[in-house]
Amino acid sequence: MAPARTQETGKRSRRTATVTVLDLGSTKTVCMIARMMPSETGRFLSGRTHQGEVIGIGHTRSLGIKSGVLVDLDAAERAIRHAVEAAERMAGVTVDSMIVNLSAGRPKSSTCTATLPLKDKPVSPREIEQVLRAAIARAARVDRHVVHLLPIDHMLDGERGIVDPRGMIGNELALNMHLLTADAAPVRNLELAINRAHLTIETLVATPYASGLATLVDDELELGCACVDMGGGTTSIAIFAERRFVHAESIPLGGHHVTMDVARGLNCRLEDAERLKVMQGSVIATSVDDRDIIQVPAMGEDGDEGGHQIPRSLLNRIIAARVEETLEMLRERINASGYSSVVGKRVVLTGGAAQLGGLTDMARRILGRNVRIGRPLGVRGLPAAAKGPAFAAAVGLMVYPQVAANDHSSERFRGTASVRLTGTEGPLGRMTQWIKESF
């Protein structure tokens with residue numbers, strides 16, 4: 001596991017810091033600036049050392065991003081500039097670097113294991129450090145971008161689940177680490193778009209991991225839970241067990257695909273399809289849907305003139321078909337992950353698409369688990385419109401520095417590899433000094 005924190009490090013963790021985050025999604029781009037103030041641990045969020053207070057927020061419709069992948073540099077740069085400038089004006093500060101989420105790059109989870117012979121002697125902090133360095137060195141040999149490298153547990157002579165092996169006697173010490181990687185090209189393009197806005201990336205955080213940090217309470221983290229972030233272009237899963245992030249998956253389906261289905265099925269504009277989906281749609285049919293008539297504006301017409309009428313049941317059937325497909329894929333991914341029993345009966349839905357009417361009921365039926373909507377917890381200053389599941393990832397990015405000491409992905413970029421991967425001087429993946437000193 002991560003080395004024990006010294007008393008000096010503990011003192012540093014009580015400082016106030018300012019954090020800037022950027023949630024770059026397929027449908028919206030959000031920048032938040034928050035003041036992180038030391039706080040006593042809460043009853044349900046005991047792992048947090050600081051409480052965030054949002055002092056600046058800016059958001060706009062995303063441009064140049066499709067299914068989480070950057071497809072137009074100029075358009076993405078404009079959206080980033082707009083969101084960041086709005087947050088800066090509100091906060092009265094100027095930012096030059098930020099923590100950014102990552103949804104693209106076909107994220108892949110694997111377990112990285114390193115072993116160390118002990119010769120039947122007690123485990124000392126030196127052996128723990130050696131096996132950690134061996135695991136980091138093994139992870140450094142992958143040919144993809146390392147997003148997260150997080151300890152899961154130690155093994156002593158094959159016995160798993162050991163949290164702290166110090167002082168124990170055995171012949172072989174092993175360390176299991178969760179290695180989350182992504183394709184390098186989408187990461188480089190994401191960094192390029194942010195650099196063109198004269199900004200740099202402090203670190204990247206997987207979107208479902210960030211959403212889980214913002215919405216899961218202690219019992220869910222301890223017992224095991226799946227956090228599902230249903231965004232506009234992708235649906236991603238983060239599985240937590242015993243307070244550790246142990247697995248991630250991603251599906252290239254999201255809320256925008258539902259909107260596209262509605263637009264095609266009802267022959268209307270995308271803007272009208274989105275409005276109908278949000279205001280009138282549901283994934284659960286009711287007995288009055290066939291009799292409830294809604295107006296669909298015609299393609300290319302202004303206002304309601306020239307449109308046509310349909311029963312609400314037709315709209316709901318279109319929405320339900322795509323959502324059911326997505327949930328069935330989620331169920332298959334969870335079952336195939338090897339962590340189905342770890343998840344147990346607990347699933348938390350976040351992201352903008354999680355707000356669809358009747359979604360929790362359909363998810364309970366298809367996933368066979370208890371499902372709730374996750375909203376950001378433990379953050380002050382959020383406007384009313386930003387307190388829903390759509391902003392969970394952005395809030396989770398603010399929480400991430402409090403757990404960053406346990407993430408060893410930055411070790412991957414201490415050599416020349418960072419320059420080769422990013423095409424810059426390597427700020428990507430490097431935990432900067434202000435994070436280390438403040439958290």
Side-chain angles (χ1 to χ4, degrees), residues 22-31 58-84 100-108 144-145 147 181-197 199 201 204-208 210-211 228-237 248-265 268-278 299 318-319 321-323 325-326 329-330 333 350-356 389-394 397 428:
L22 181 69
D23 177 7
L24 195 58
S26 300
T27 56
K28 71 179 187 309
T29 298
V30 180
C31 178
H59 60 89
T60 184
R61 185 168 67 91
S62 285
L63 301 171
I65 297 178
K66 183 177 181 180
S67 295
V69 178
L70 196 145
V71 296
D72 187 333
L73 272 174
D74 291 337
E77 178 191 343
R78 289 197 303 271
I80 292 169
R81 285 182 181 272
H82 183 87
V84 173
V100 183
N101 69 317
L102 179 68
S103 300
R106 296 181 299 173
K108 179 181 178 181
R144 306 180 88 222
H145 178 88
V147 184
T181 61
D183 292 338
V187 175
R188 289 200 303 266
N189 291 328
L190 174 63
E191 186 183 15
L192 181 58
I194 291 174
N195 290 162
R196 286 174 54 155
L199 300 163
I201 300 176
L204 289 171
V205 182
T207 298
S211 295
V228 178
D229 187 272
M230 305 184 73
T234 59
T235 296
S236 49
I237 317 162
E249 292 276 359
S250 182
I251 299 171
L253 292 175
H256 183 66
H257 295 83
V258 178
T259 302
M260 293 287 289
D261 289 348
V262 173
R264 293 190 181 104
C268 63
R269 297 175 301 180
L270 285 172
E271 293 84 354
D272 295 323
E274 179 69 19
R275 179 180 55 82
L276 289 170
K277 180 188 76 173
V278 173
M299 183 80 74
I318 294 173
I319 295 174
R322 178 66 77 174
V323 173
E325 176 191 11
T326 303
M329 292 179 68
L330 277 174
R333 296 294 179 90
T350 64
Q355 300 173 102
L356 276 171
F391 289 82
L397 294 175
L428 183 56

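All values below come from the heavy atoms of this structure, side chains included, with hydrogens, waters and symmetry mates left out.
Between Ser103 and Thr207, the side chains place a donor N or O and an acceptor N or O closer than 3.5 Å (distance only, hydrogens not considered).
Rounding to the nearest 0.5 angstrom, the gap separating the CG atom in Asp23 from the CG atom in Leu397 is 6.5 Å. Distance check: Leu24 CG to Ile194 CD1 gives 6.0 Å after rounding to the nearest 0.5 Å. In this structure, CG in Asn101 is found 8.5 Å from CG in Asp229, a value given to the nearest 0.5 Å. Separating the CD1 atom in Ile80 from the CZ atom in Arg196 is a distance of 10.0 Å, to the nearest 0.5 Å. Taking CG of Leu204 as the reference point, atom CD of Glu191 lies at 8.0 Å (rounded to 0.5 Å). Taking CG of Leu276 as the start and CZ of Arg269 as the end, the distance is 10.5 Å to the nearest 0.5 Å.
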Might you work through the side-chain contact (heavy atoms from CB on, under 4.5 Å) test for Asp74 and Arg78, ending with a clear yes or no?
-> CA-CA 6 Å; Asp74 291 337; Arg78 289 197 303 271; 4.1 Å; yes
Under the side-chain contact (heavy atoms from CB on, under 4.5 Å) criterion, do Arg144 and Asp183 qualify, and how do the steps go?
-> CA-CA 5 Å; Arg144 306 180 88 222; Asp183 292 338; 2.8 Å; yes
Go through Val258 and Thr326 one step at a time and tell me if the side-chain contact (heavy atoms from CB on, under 4.5 Å) criterion holds.
-> CA-CA 10 Å; Val258 178; Thr326 303; over 6 Å; no
Does the pair Met230 and Leu356 meet the rule for a side-chain contact (heavy atoms from CB on, under 4.5 Å), with working shown?
-> CA-CA 10 Å; Met230 305 184 73; Leu356 276 171; over 6 Å; no
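With hydrogens and angles disregarded, no donor-acceptor distance shorter than 3.5 Å links the side chain of His82 to the backbone of Ala79. Judged purely by atom type and a 3.5 angstrom limit, Gln355 uses its side chain to pair as donor or acceptor with the backbone of Gly352. Side-chain atoms of Ser62 come within 3.5 Å of backbone atoms of Thr29 as a donor-acceptor pair (strictly under, hydrogens ignored). With hydrogens and angles ignored, the 3.5 Å screen pairs no side-chain donor or acceptor of Ser250 with any backbone N or O of Ser236. Thr235 contributes a side-chain N or O that, together with a main-chain N or O of Leu253, makes up a donor-acceptor pair within less than 3.5 Å.
The shortest heavy-atom contact between Ser26 and Gly68 is OG-N, 2.8 Å. Taking every heavy atom of both residues into account, Ala193 and Leu70 meet most closely at CB-CD1, 3.4 Å. Residues Ala182 and Ala104 come closest through the heavy atom pair CB-O, 4.2 Å. Ile65 and Val71 get closest at one heavy-atom pair: N-CG2, 4.0 Å.
Under the salt bridge (charged side-chain N to carboxylate O under 4.0 Å, His left out) criterion, Glu325 pairs with Arg322, sequence neighbours left out. Residues satisfying the salt bridge (charged side-chain N to carboxylate O under 4.0 Å, His left out) criterion with Lys277, sequence neighbours excluded, are Glu274.
Considering only heavy atoms from C-beta on, His257 comes within 4.5 Å of Ser67 through its side chain.
No salt bridge links Lys66 with Asp72; every basic N to acidic carboxylate O contact stays at or beyond 4.0 Å. Between Arg81 and Glu77 there is a salt bridge, since at least one side-chain N of the basic residue sits less than 4.0 Å from a carboxylate O of the acidic one.
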